[in-house]
Amino acid sequence: MAQEQELSVVEEAEHESKAHDDDNAELTRLGAEDDEKQQEERSGFDAIRAAFSTVPVPAQPLKQGWEIPVIDLSLLHGSNSRRHAVDQIAKACQEWGFFHVINHGIQEKVIDDMWLAYDVLFRVPPHERAKFDNGPFLPPDIMKILSEKLHSMPKFGESRDTIRFSKLNPDDEEAIPNTPHGFREPAIVFYRALRDVGFKLLEAISESLGMESEYIRRATGNNPCVNSSIHRYLPYHDANNTMGLNPHQDIDTLTLLIQSDIAGLQVLKEDRWVEVRPLPGSLVVNVGEVIQAFTNNKYQSVMHRAMLNKENLRSSISCFLLPTPESIIEPLPHLVSAENPPLRASCTWETYYYNHYASLLK
Ligand SMILES: O=C(O)CCC(=O)C(=O)O
Ligand SMILES: [Fe+2]
């Protein structure tokens, strides 16, 4: 059934791409321009990622036998078990900044359909894909400075193919592209489901901080929009020494990630890299800088990276929950004191976001 569905979607995409043959010359030219622009935007983003790697990164071998915690999300639904789950989440946020979530309630089919839709999307001609990909996360002036600086920066290997969405609102159905045909439906269902799990986690995290469960959602403007990165890491002969995604911390509120069954994601713990083993059916969740700022560093936005695999393509879909631009990013009053002063000045998310990237370009 899944295969049939894939075939019909692929046929649709092929049919659509054949329909373009008539205007071939013009489209090829436009496609090449789109492609070039996209490449420039992508390598721009990669340059930013590379700037992260100027943070000293330990070169020690992988730490064996350590695993990020696994949280059973169904425990949040029981009145007796909720407190226990909230405590587990608090411990995971404090000690790892990363955890698996199981029994999250998202049906397997919702995730399978999204993978299929992205399989198709990665195969459509560049001009179609350019329409879909609504660009980098960067503020426009940062993008401009970056493309100027890029010329003097080293070139990075093409080890990864990434599609990005920014400010995707799964409730604004018409705004979600439907090219290739059939993309919109699974995307709406998938991103709503992921966002809702994210919201449940934000509620639990708020409670773990002694606040009412709505606290973080309200403080981030109840933002319905998410950003998303869909990565395909290509197999590479020298995989052990090549990164698909440089070490970085996520700047958002909370990240939810689905990875294929090939390992590659690693997180930093006590100066050692620890592999996040694929756990079938799990979501990988990590604390973003916004929660780190709200908690005055009690909860950590932890450095992570993605390695390549020698034989296999690895894929991941990240969904980033974000504050609205006017949300104030500052520590909770009860988490600061004379002994524990605020670690950063309070500002809006818009300013935080801008300064974050601007500082990397200095
Ligand atoms: O591909 C992965 O496992 C990690 C992706 C990631 O960290 C990101 O997109 O920010
Ligand atoms: Fe990340």
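Counting starts at 1 for both ligands and their atoms, following the listed order.
Taking the six-membered ring for Trp and the full ring otherwise, the centers of F183 and Y118 sit less than 6.0 Å from each other.
Neither the backbone nor the side chain of T255 has any atom closer than 4.0 Å to an atom of ligand 1 (non-hydrogen atoms only). Under 4.0 angstrom from ligand 1, the non-hydrogen atoms of D250 all belong to its side chain. Under 4.0 Å from ligand 1, the heavy atoms of L245 that appear belong solely to its side chain. At a 4.0 Å heavy-atom cut-off, ligand 1 does not touch Q259 at all.
The atoms of ligand 1 that sit less than 4.0 Å from any heavy atom of H231 are 1 (O), 5 (C), 8 (C), 9 (O). The atoms of ligand 1 that sit less than 4.0 Å from any heavy atom of Y233 are 1 (O), 2 (C), 4 (C), 5 (C). Less than 4.0 angstrom separates some heavy atom of H304 from each of these atoms of ligand 1: 7 (O). The ligand atoms of ligand 1 that sit less than 4.0 angstrom from a heavy atom of L257 are 2 (C), 3 (O), 4 (C), 5 (C). Annotation for ligand 1: atoms under 4.0 Å from non-hydrogen atoms of F320 are 8 (C), 9 (O), 10 (O).
R344 and E289 are not joined by a salt bridge, as no carboxylate oxygen comes within less than 4.0 angstrom of a charged side-chain nitrogen. Using a 4.0 Å cut-off between a side-chain N of Lys or Arg and a carboxylate O of Asp or Glu, D119 and R232 qualify as a salt bridge.
With hydrophobic clusters built from ILVMFWY side chains whose heavy atoms lie under 4.5 angstrom apart, I262 does not share a cluster with M114.
Looking at F320 and V226, their side chains never come closer than 4.5 Å, going by heavy atoms from C-beta outward.
Under a 3.5 Å cut-off, the side chain of D72 and the backbone N or O of S74 do form a donor-acceptor pair.
Under the rule for a ring pair (Phe, Tyr, Trp, His ring centres under 6.0 Å), the partners of Y233 that lie at least two apart in sequence or sit in another chain are H231.
The atom of D250 nearest to the Fe ion (ligand 2) is OD1, with the search restricted to N, O or S atoms. H248 contributes NE2 as its N, O or S atom closest to the Fe ion (ligand 2).
Between Y352 and H356, the two ring planes are parallel [angle under 30°; tilted spans 30° to 60°].
Using a 4.0 Å cutoff on heavy atoms, R314 counts as a contact of ligand 1.
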